[in-house]
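For reference, the structure is listed below as structure tokens.
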Amino acid sequence: MALNLTRRKFLQTASLAAATAAMSGCFANRATASTPFVKKPFTAPGSFADTTTAVGGVCEMCFWRCQLVGKVRDGKLVKLEGNPKSIDNGVSICARGNGGVKLLYDPDRLKFPMKNVGKRGAPEWKRISWDEALDECATKLKAVIDKYGPHGIAIFPHGSSAKYPMTFFEHVIGTPNNSEASFFQCRGIRDMAYVATLDTAPDENVDMANAKVIFLLGTHLGENIHVSHVKRYLKGLENGAKLVVVDPRFSASAAKAHTWVKIKPGTDTAFLLAMMNHLIKTGKYNKAYVEANGAGFDKFKAGISHATLDWAAKICDIPARQIKEVAELLAANAPNVSIHPGRHVSWYGNDFQRQRSLACLTGLLGAIGVKGGFVKGKGPKVGKSGWPKVNVEHAEAHALHLMAKKHQFSPPGTPTDMIRETAVSGKPYAIKGYVGWGQNPIQTIPDQALTIKMLQQMDFVMVCDVMPTDITMYADILLPESSYLERYDMIKTGTQWDLSGKQEQYITARMPLVSPTAADHERKDSVWIVNELAKRMGYGQHIPVQSELEMTNKILAGANLSVEQLVKEGGIHVQPGVDPYGAVLKVNFFSQEVADAGFPGVPTYIPVPEPPKGFARLVYGRAPVHTFNRSMNNAWLMNEMPENPVWLNDESAKKMGLKDGDRIELVNQDGVKSETSSVVKVTPGIRKDTIYMAHGYGTKNPAMTVGVGKGIDDQSLITAKAVDPETGAHGMRNNFVKFVKNGKVLSIPA
Amino acid sequence: MWHLGRGASFVNDTFQPPPHARLMNQSTSTNLAEIYRFLAQSMRYPSPDWMQADYFSALNTFLVELGWDGEAQTIRRAISEGADWLEPLQVEHTRLFVNAVPCVVAPPYGSVYLSADGMLYGPSAEKAKAFYREQGFDLAGEADIPDHLTFELEFLALLAEEGKDQEEELFLQNHFRPWFPHFQARVLQKGRHPFYGVLVNLIDFFTREEM
Ligand code: SF4
């Protein structure tokens with residue numbers, strides 16, 4: 001470079017003309033627009049600075065789907081608030097809901113379709129066009145179908161926008177291999193157990209706001225926040241409800257409880273059986289309800305008669321007196337008691353029986369259809385839209401659990417573990433195409449090594465997501481989806497949050513709060529993406545709707561509504577509702593169906609593995625500011641809780657020489673060590689045989705520049721997997737850990 | 001002489017400025033506008049739409065006229081000798097500016113470097129947008145992130161074209177220079193292909209403060 005040549009000097013030299021003349025010619029026939037600007041006369045400041053309110057937002061920072069409005073200033077989303085028209089969450093949203101703004105403007109968000117020109121797991125990305133990406137996905141997926149059949153494809157979906165692709169692959173392509181994390185690693189067990197007992201999936205439908213007693217088993221409301229759910233809970237407490245919390249840890253709920261049952265993890269079913277046996281033996285159950293609506297009660301009664309207070313006290317490591325007290329408290333206030341069904345219940349691999357027990361306890365107390373009991377709000381009806389069921393017979397004929405006559409109570413789809421085993425072994429057939437949509441199985445499914453093995457043996461891996469989560473590192477083609485703040489994708493209906501309030505129903509649709517298109521990215525919504533894929537794969541004739549907007553309008557039309565009308569009504573349509581009380585449900589205390597499938601027809605306690613000497617059981621839960629891995633790259637939320645302290649009993653800590661705040665790692669029973677570290681939280685509020693931490697930390701993906709390596713990833717330590725035999729869902733709390741400090745392994749005293 | 005490696009669709013040996021360019025009696029401002037546009041385009045995704053022999057030829061002339069012979073040679077070598085010259089550039093662009101493992105190296109947005117939380121569309125981006133407005137310009141897309149590098153360079157081109165020297169300097173001083181050096185440093189530090197290193201230095205040369 002010539003010394004001392006400055007811009008000014010250069011611009012004055014004669015060589016400038018030669019240089020710029022070449023420039024002006026070289027783009028003469030380029031296709032791209034030359035300027036991203038338009039001329040616009042300047043108007044006085046203030047006229048454009050006004051903030052407008054965009055309505056119709058539905059939060060997706062967790063699955064609760066609070067209704068939002070967006071404050072938009074000049075095209076920029078500045079703030080999210082609860083929609084004042086909401087009769088559900090109202091004007092309130094939680095910290096994560098607020099943090100949605102940060103997701104929208106995260107520099108690490110996926111922006112363009114990308115092709116992996118490196119290796120799976122160690123990708124090198126090359127931005128490509130949508131045409132190229134879709135052509136490649138279509139060709140590769142079609143090749144899998146042609147060679148191995150439709151069942152050669154597995155789909156791992158999550159979230160409302162994944163429903164359209166999921167049903168395309170299930171109904172049109174005809175693969176049964178669909179693993180929904182929200183079923184198989186979360187609530188599927190609960191839903192199937194309640195269906196077997198009460199013939200209905202419970203969701204979280206207990207009328208806590210009007211209960212005299214609230215009974216939580218493992219549920220830690222306060223740390224686990226869903227706005228209207230917590231509103232019900234707090235209203236109940238405000239109205240004087242007694243709170244019973246069964247948890248090995250002094251959780252946020254336990255802190256508010258009248259009775260904290262410091263139970264030994266894995267033994268909850270024994271506790272529930274003993275309470276029920278006690279109530280039956282002493283005649284304190286709701287005889288009228290049971291006589292009118294109970295089925296198989298005598299078999300049930302005989303089947304649990306061994307479950308004495310002392311028997312359970314020993315198993316659960318709690319006083320017999322406390323079991324009796326809780327049972328009698330529930331009976332004394334029945335039927336107005338909320339036996340919470342829980343939500344994330346895939347714990348120990350004996351979970352179906354525990355969830356059956358909870359449903360039976362609900363029935364035994366007659367706590368159904370009454371104030372404070374198990375009550376489902378009566379929501380409004382809307383229309384339908386979706387893919388036609390073109391090839392479902394093929395899917396059913398190739399469903400792995402049906403072929404193997406296993407897991408007869410599997411939630412819809414195929415148990416994750418069977419998909420993974422089949423993919424790795426090739427038996428009974430090959431699974432060679434992976435389609436991921438919004439799910440991060442690296443962090444949701446135990447035994448990461450096996451998941452990676454499954455991915456490595458695929459012929460093709462396609463992933464569509466909003467953020468570069470761990471799974472995206474394994475994609476061959478990675479597609480960027482518009483976020484929940486920029487798209488239409490679901491209809492949400494419901495009732496007022498307090499079931500005893502003025503009876504109302506609402507209908508809302510997720511609508512974009514800001515434009516999904518901008519010059520610096522090419523994100524698309526799932527309807528567009530899947531339609532384009534379908535056309536290229538030769539299924540174009542089955543496409544049910546041309547756009548996400550059309551789909552939304554079609555469903556709304558079933559309620560004589562439209563997006564336009566919803567906007568006019570402030571984003572939410574509210575109409576008179578129906579009194580939800582008075583419903584009666586039949587209770588299958590003994591289930592013939594369960595017995596016929598070869599499982600215990602009477603709820604049964606099945607012991608789980610004990611911690612080996614020197615180890616304690618690893619349990620995990622929610623943090624109020626996070627929704628697992630999904631919020632880990634959110635700068636605002638990470639700032640609130642940058643790592644996940646590991647809870648350790650204070651007496652154990654003393655013996656181990658650990659102090660509060662010490663930096664530690666964990667090592668599990670299989671010798672797997674956490675790749676990252678965290679701090680110890682020393683507390684009397686946890687049992688000695690239990691270690692606790694919040695889930696979702698310690699992401700391995702360095703593309704998540706905020707969250708990477710912060711805290712410990714509990715999932716990496718969950719290498720021993722348990723499978724719930726009835727449902728095929730995972731149990732994730734049969735893993736045991738020791739501490740490591742400065743490279744030294746510290747055993748945990750018993 | 002300008003030879004693209006295998007994979008290039010044509011070779012442009014004898015570059016001639018188009019007639020309109022030769023005939024024009026260009027003022028310094030128009031020249032500068034041309035340069036800003038050229039720089040903006042250079043930072044867009046490498047695509048055969050625009051990245052062809054005549055582009056590299058222009059870049060080469062530009063560098064040589066500037067006296068940056070070493071840089072000109074480095075780029076010539078990288079482009080001419082690679083069997084496939086385009087894909088490495090695309091991979092590098094994606095890694096530096098879009099998404100990558102271990103992490104997106106240098107997001108080309110001002111507020112990533114200027115706001116405490118490192119997010120897009122921070123307060124500094126809104127201020128840049130307000131400045132565009134004051135000068136009678138608006139971004140075409142409603143949700144466009146205002147302080148994207150190419151937007152700011154295109155905007156400088158518009159100001160230069162209109163001969164608004166003072167405004168240009170004001171924009172550079174208040175909106176561009178506060179972040180560009182941070183971005184430049186990341187590209188220089190983490191870049192693997194010489195192209196973007198030279199480009200950010202070129203941008204720096206035309207935007208840095210002169211005593
Ligand atoms: S509870 Fe919070 S994160 Fe969940 S939907 Fe509501 S506002 Fe969003």
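Just so it is clear: chains get the letters A, B, ... in the order the sequence lines come, proteins before strands, and each one is counted from 1.
- A donor-acceptor pair under 3.5 Å is formed between the side chain of Asp144(B) and the backbone N or O of Ala519(A).
- One distance of note links CE of Met114(A) with OG1 of Thr94(B); it measures 7.0 Å at 0.5 Å rounding.
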Exercise for the section: Could you please spell out the steps behind the side chain to side chain contact (heavy atoms under 4.5 Å, CB included) verdict for Ile145(B) and Tyr105(A)? Expected result: CA-CA 9 Å; Ile145(B) 311 287; Tyr105(A) 297 123; 4.2 Å; yes

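- A distance of 7.5 Å separates CG of Asn99(B) from CG of Leu478(A), quoted to the nearest 0.5 Å.
- Residue Lys127(B) places its NZ atom among 12 or fewer non-hydrogen atoms of other residues, nucleotides or ligands, all under 6.0 Å distant.
- Annotation: ring-ring contact (aromatic ring centres under 6.0 Å, His included) contacts of Tyr45(B) (sequence neighbours excluded): His93(B).
- Remark: side-chain polar atoms of Lys129(B) are paired, donor with acceptor, to backbone N or O of Asp74(A) under 3.5 angstrom.
- Evaluated for a side-chain contact (heavy atoms from CB on, under 4.5 Å) with Val91(B), the options Arg127(A), Lys115(A), Glu124(A) yield exactly one hit, Glu124(A).
- To the nearest 0.5 Å, atoms CZ (Arg37(B)) and OG1 (Thr20(A)) are separated by 12.5 Å.
- The part of Glu126(B) that comes within reach of chain A is its side chain, from C-beta onward, which places non-hydrogen atoms under 4.5 angstrom from that chain.
- Taking chain A as the reference chain and counting heavy-atom pairs below 4.5 Å, the highest number among Ala143(B), Ala125(B), Gly122(B) is found for Ala143(B).
- Heavy atoms closer than 4.5 Å to chain A are found in the side chain of Tyr132(B), but not in its backbone.
- At least one side-chain heavy atom of Asp520(A) sits under 4.5 Å from a side-chain heavy atom of Tyr109(B).
- Between the Lys111(A) side chain and the Val98(B) main chain, a donor and an acceptor come within less than 3.5 Å of each other.
- The contact between Val38(A) and chain B is made by backbone and side chain atoms together, counting heavy-atom distances below 4.5 Å.
- Taken to the nearest 0.5 Å, the CZ atom of Arg7(A) stands 8.5 Å off from the CD1 atom of Ile35(B).
- Smallest separation of non-hydrogen atoms from Lys76(A) and Pro123(B): NZ-N, 4.3 Å.
- In this structure, Phe10(A) and Phe206(B) have perpendicular ring planes: the angle between them is above 60°, well past the 30° mark.
- Around the CD atom of Glu142(B), the shell of radius 6.0 Å holds no more than 12 heavy atoms that belong to other residues, nucleotides or ligands.
- The aromatic rings of Phe151(B) and Phe37(A) sit perpendicular, their planes meeting at an angle over 60°, well past the 30° parallel limit.
- Of all heavy-atom pairs between Glu34(B) and Met23(A), the closest is O-SD, 3.9 Å.
- For the pair Asp138(B) and Lys39(A), the salt-bridge criterion is not met [side-chain N within less than 4.0 Å of a carboxylate O].
- Options Gln135(B), His148(B), Glu87(B) differ in how many heavy-atom pairs under 4.5 Å they form with chain A, and the most are formed by Glu87(B).
- Proximity to chain A is limited to the side chain of Leu158(B), based on heavy atoms less than 4.5 angstrom apart.
- Between Thr61(B) and Ala19(A), the shortest heavy-atom distance links the atoms CG2-CA, 4.2 Å.
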